[in-house]
2 protein chains.
Amino acid sequence: MAGQKIQRQTGVALWRQIADRIRTSINHGDFDETGMVPPETTLALQFGVNRHTIRSSLAALAQEGIVRAVQGRGTLIERKERLSFPISRRTRFSQGIGDQVRETRSVLLAAGEEAATTELARQLKIKTGAPLVRLETLGQADHRPVSRATSWFPADRFGDIAEIYRTTGSITKAFKELGVPDYVRVVTEITATHADEGDLTDLQLSPGAIVLVAQALNADLDNVPVQYSISRFAADRVRFTVEN
Amino acid sequence: MAGQKIQRQTGVALWRQIADRIRTSINHGDFDETGMVPPETTLALQFGVNRHTIRSSLAALAQEGIVRAVQGRGTLIERKERLSFPISRRTRFSQGIGDQVRETRSVLLAAGEEAATTELARQLKIKTGAPLVRLETLGQADHRPVSRATSWFPADRFGDIAEIYRTTGSITKAFKELGVPDYVRVVTEITATHADEGDLTDLQLSPGAIVLVAQALNADLDNVPVQYSISRFAADRVRFTVEN
DNA sequence: TATGGTTGTCTATATCAATAGACATTTAGA
DNA sequence: TCTAAATGTCTATTGATATAGACAACCATA
């Protein structure tokens, strides 16, 4: 556990800061030898806070299913994971993390049609107001939610993509059926922010958590934009890897 | 302002959540027409909180120099910025954002020698314990801190890099003097976390802020690793752009 | 100069966050 | 079976967070 001090009177409660730090340490493998978090009294000493504050932190982590406290023994680590998510010209959800998990799945949350806003039109190189298909999807790895994405497709070429996606569960396959045998990632923009209400429910996050936001543009092999998407990842579960 | 509700009893104070949201809206250009933040009473109504809570949020933003309240008129937007930071095979700090700001600068905070840890040795493809030069640098754009980085270089090839960097203020130039005419980014890992104490001081962040963390490996044209670095960016000031 | 809209300041109250201490309960191992 | 070490529970107190209401001070403008 790095010796960074925690911040007081910042609008972020100590128990939350400490919970975030312990979660990071778990993901980093700091406690792999024992498979347990250090005793509450030890942590309280390390962080310079009261034991009750540590208990609040561990309670939050237990709520997330990351640790489990056993009276008399200690606090066991139940789960640790931070998926490495490659971002490259050939970025696809399932491919990159396929070797890190047993099963990846993509679920359609919602679908609909809407007119292109100025921003979406600029990205997809179409006219403002042109019809778009919007898909809301949830990416899962081993039945754990990892990302939630909103994607827009030009409706003239991909009017039926929602239905095809619903049956195949794959954007790549849907594209193939609609005459796009292959596509590439043109650009990805990455930002970070606090989790909103949708993130909390869809990604099963605890409030105050951080999400990584990736805005991506995909194009077919003729360099014509086919998909613009905004994906939100649980920051403590993934890591983006940019291979150049 | 997006209609996301704010979270109560999460360990993150309401005033901080709201401050983050307002800052994002400012950066997004939501208030560009008036150049002002909506009145406190309006914001209180929108977020469903007391006016005093909004005042706490605006006070925090004023502390950051983002807004300035004027009695009788309203709260003026003083500054908005979110630099787009390209990540590519030829990523350098100054080049990518050069057209977005008037001046970029890099300052040496500290330098020293240390032995390679297992992790650093693996990245740089050298032996564990081999001597490394460590540089702590601060990247600035128009005199505003944007990123703080820790870099490691194999000492056998780059033993004098600290001194050369101190005079030139450029890694690229230092490499050139040491016989590396060109170098490329091999891989970049991107994560996000809360700001630590060093971030607060060096990046002039308010506590609880988010930082984007980029761990990067650079290699020379023979594909020999020359630099491993961990950079921390103020998440509300930058956006990573991955061109593929 | 009168008015409406805005920020600034004050008091009061309730709840959350954090500390402090004491003791019970459970487990593993000597 | 005793003991040490760990988590579980309880009470009490302090400071930060949030709400509520009232009013002052200031600005732009009709």
Side-chain angles (χ1 to χ4, degrees), chain A residues 5-22 26 31 33-78 194 206-208, chain B residues 5-22 26 31 33-78 194 206-208:
Chain A
K5 282 179 191 160
I6 50 178
Q7 311 292 318
R8 284 163 193 267
Q9 300 172 22
T10 66
V12 182
L14 297 184
W15 63 263
R16 169 141 297 287
Q17 297 182 53
I18 293 171
D20 292 339
R21 293 263 297 273
I22 295 176
I26 290 174
F31 312 131
E33 290 189 13
T34 59
M36 298 176 71
V37 170
E40 294 170 352
T41 47
T42 306
L43 290 171
L45 210 64
Q46 279 183 9
F47 285 107
V49 299
N50 193 275
R51 176 174 158 239
H52 293 295
T53 307
I54 296 292
R55 284 181 60 75
S56 297
S57 305
L58 293 178
L61 295 178
Q63 183 64 30
E64 295 178 44
I66 292 176
V67 300
R68 179 169 54 90
V70 179
Q71 192 173 23
R73 291 183 58 194
T75 303
L76 284 63
I77 295 171
E78 286 283 283
H194 285 114
S206 67
Chain B
K5 279 177 193 160
I6 50 177
Q7 312 292 319
R8 284 165 192 267
Q9 298 171 21
T10 66
V12 182
L14 297 183
W15 65 262
R16 169 140 299 284
Q17 296 183 53
I18 293 171
D20 291 339
R21 293 264 297 273
I22 295 175
I26 290 173
F31 312 131
E33 291 188 12
T34 59
M36 299 176 71
V37 170
E40 293 169 354
T41 48
T42 307
L43 290 171
L45 210 64
Q46 280 184 10
F47 286 107
V49 300
N50 192 275
R51 177 174 158 240
H52 293 294
T53 307
I54 296 292
R55 285 180 60 75
S56 297
S57 304
L58 293 177
L61 294 178
Q63 184 65 30
E64 296 178 42
I66 292 177
V67 300
R68 179 169 54 91
V70 179
Q71 191 172 28
R73 290 182 61 195
T75 303
L76 284 65
I77 295 171
E78 287 282 283
H194 285 113
S206 66

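Only this structure's heavy atoms are used, side chains among them; waters, hydrogens and symmetry mates stay out. The structure presented is a predicted model; accordingly, all values stated were derived computationally and were not measured. Chain naming here is simple, since letters A, B, ... match the order of the sequence lines and numbering starts at 1 in each.
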Closest listed nucleotide, where the reference is the side chain of B:L14 and the choices are D:dG8, D:dT19, C:dT9: D:dT19
Spacing between A:R55 atom CZ and C:dT19 atom C1', to the nearest angstrom: 15 Å
From B:L45 atom CG to B:N50 atom CG, the distance as rounded to the nearest 0.5 Å: 11.5 Å
A:P39 side-chain proximity, nearest of D:dA6, C:dG21, D:dA18: D:dA6
Residue A:E78 excluded, over 12 heavy atoms near CD under 6.0 Å: yes
Closest to the A:V49 side chain, choosing from C:dT19, D:dG8, C:dG8: C:dT19
Closest to the A:N50 side chain, choosing from D:dT17, D:dT9, C:dT19: C:dT19
Interatomic distance, A:L43 CG vs C:dT19 P [rounded to whole Å]: 14 Å
Interatomic distance, A:H52 NE2 vs C:dC16 C1' [rounded to whole Å]: 16 Å
Separation of B:I66 CD1 from B:L76 CG (nearest 0.5 Å): 14.0 Å
Summary of protein contacts for nucleotides 24-30 of chain C, nucleotide by nucleotide, where a base hit scores B, a sugar-phosphate-only hit scores S (4.0 Å, heavy atoms): -BBBS--
Residue met sooner reading DNA chain C from 5', once A:T53 and B:L58 are mapped to nucleotides: B:L58
Rounded distance (Å) that lies between atom P of D:dT19 and atom CD of B:E40: 14 Å
Rounded distance (Å) that lies between atom C1' of D:dT19 and atom CG of B:L45: 15 Å
Whole angstrom value for the distance that separates P of C:dA17 from CD1 of A:I54: 16 Å
Atom pair distance, as rounded to whole Å: CE in A:M36 and P in D:dA5: 14 Å
Set of residues satisfying side chain to side chain donor-acceptor pair (under 3.5 Å) with respect to A:Q71, sequence neighbours excluded: none
Length of the CZ-C1' vector between B:F47 and D:dT19, whole Å: 17 Å
Side-chain N or O of A:T75 closer than 4.0 Å to phosphate OP1/OP2 of D:dA6: no
Side-chain heavy atoms of B:R68 within contact of B:T75, under 4.5 Å: no
Closest to side chain of B:R51, choosing from D:dT17, C:dT7, D:dT7: C:dT7
Selected nucleotide, minimal atom distance to B:W15 side chain, candidates C:dA18, C:dA20, D:dA18: D:dA18
Sub-4.5 Å side-chain heavy-atom contact between A:W15 and A:R55: no
Sugar-phosphate only, base, or nothing, as touched by B:S56 at under 4.0 Å among non-hydrogen atoms: nothing
Taking every non-hydrogen atom, the tightest pair across B:L43 and B:P38: CD1-O, 3.5 Å
